[in-house]
Amino acid sequence: MKKSLCLLLIVILLFSIVDNASAFIWGQKFVSRGDPSFLILSRCGEPISREIIGYTLTPGQRIEKVIERWVYGPIKGWYKVLTIEGGIYW
């Protein structure tokens with residue numbers, strides 16, 4: 001009994017770390033950091049809010065990238081805010 005309870009707690013802890021740090025689940029679709037914006041749109045649909053919040057340059061400062069904020073939700077009362085930089089979820 002103690003072994004299964006300990007295993008359950010470890011699994012819950014791992015899912016909470018992954019979910020908060022780098023990924024989220026929308027319905028039955030999984031979205032993680034590094035995913036391109038077109039993949040997020042195909043999995044989750046249009047966000048309820050989508051705005052340009054700024055611009056940044058690539059490391060060589062040759063290409064300007066758009067920084068966007070996408071908001072999804074509410075999911076069980078919570079909203080998920082994604083930062084899209086140059087078409088990639090960061």
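Between Gly45 and Tyr72, the shortest heavy-atom distance links the atoms O-OH, 2.7 Å.
When the side-chain contact (heavy atoms from CB on, under 4.5 Å) test is applied to Ile88, the partners found at least two apart in sequence or on another chain are Pro36, Trp90. Residues passing the salt bridge (charged side-chain N to carboxylate O under 4.0 Å, His left out) test with Arg43 are Asp35, sequence neighbours excluded. Among residues two or more places apart in sequence or in another chain, the salt bridge (charged side-chain N to carboxylate O under 4.0 Å, His left out) test is passed with Glu51 by Arg69. With sequence neighbours excluded, no residue forms a side-chain hydrogen bond (donor to acceptor under 3.5 Å, both in side chains) with Lys29.
Interatomic distance, Glu85 CD to Thr56 OG1, rounded to the nearest 0.5 Å: 5.5 Å. Note that CZ of Arg50 and OG of Ser37 are 7.0 Å apart. Values are rounded to the nearest 0.5 Å. Between atom OH of residue Tyr55 and atom CD of residue Glu68 there is a gap of 9.0 Å, rounded to the nearest 0.5 Å.
Using a 4.5 Å cut-off on side-chain heavy atoms (C-beta onward), Leu57 and Arg62 make no contact.
With a 4.5 Å cut-off between side-chain heavy atoms of Ile, Leu, Val, Met, Phe, Trp and Tyr, the cluster of Tyr79 takes in Ile48, Val71, Val81. The other residues sharing a hydrophobic cluster with Ile67 are Ile53, where clustering joins ILVMFWY side chains under 4.5 Å apart.
In the hydrophobic cluster analysis, where Ile, Leu, Val, Met, Phe, Trp and Tyr join through side-chain heavy atoms closer than 4.5 angstrom, Trp70 is grouped apart from Val66. No single ILVMFWY cluster, assembled from side-chain heavy atoms under 4.5 Å apart, contains both Phe30 and Leu39.
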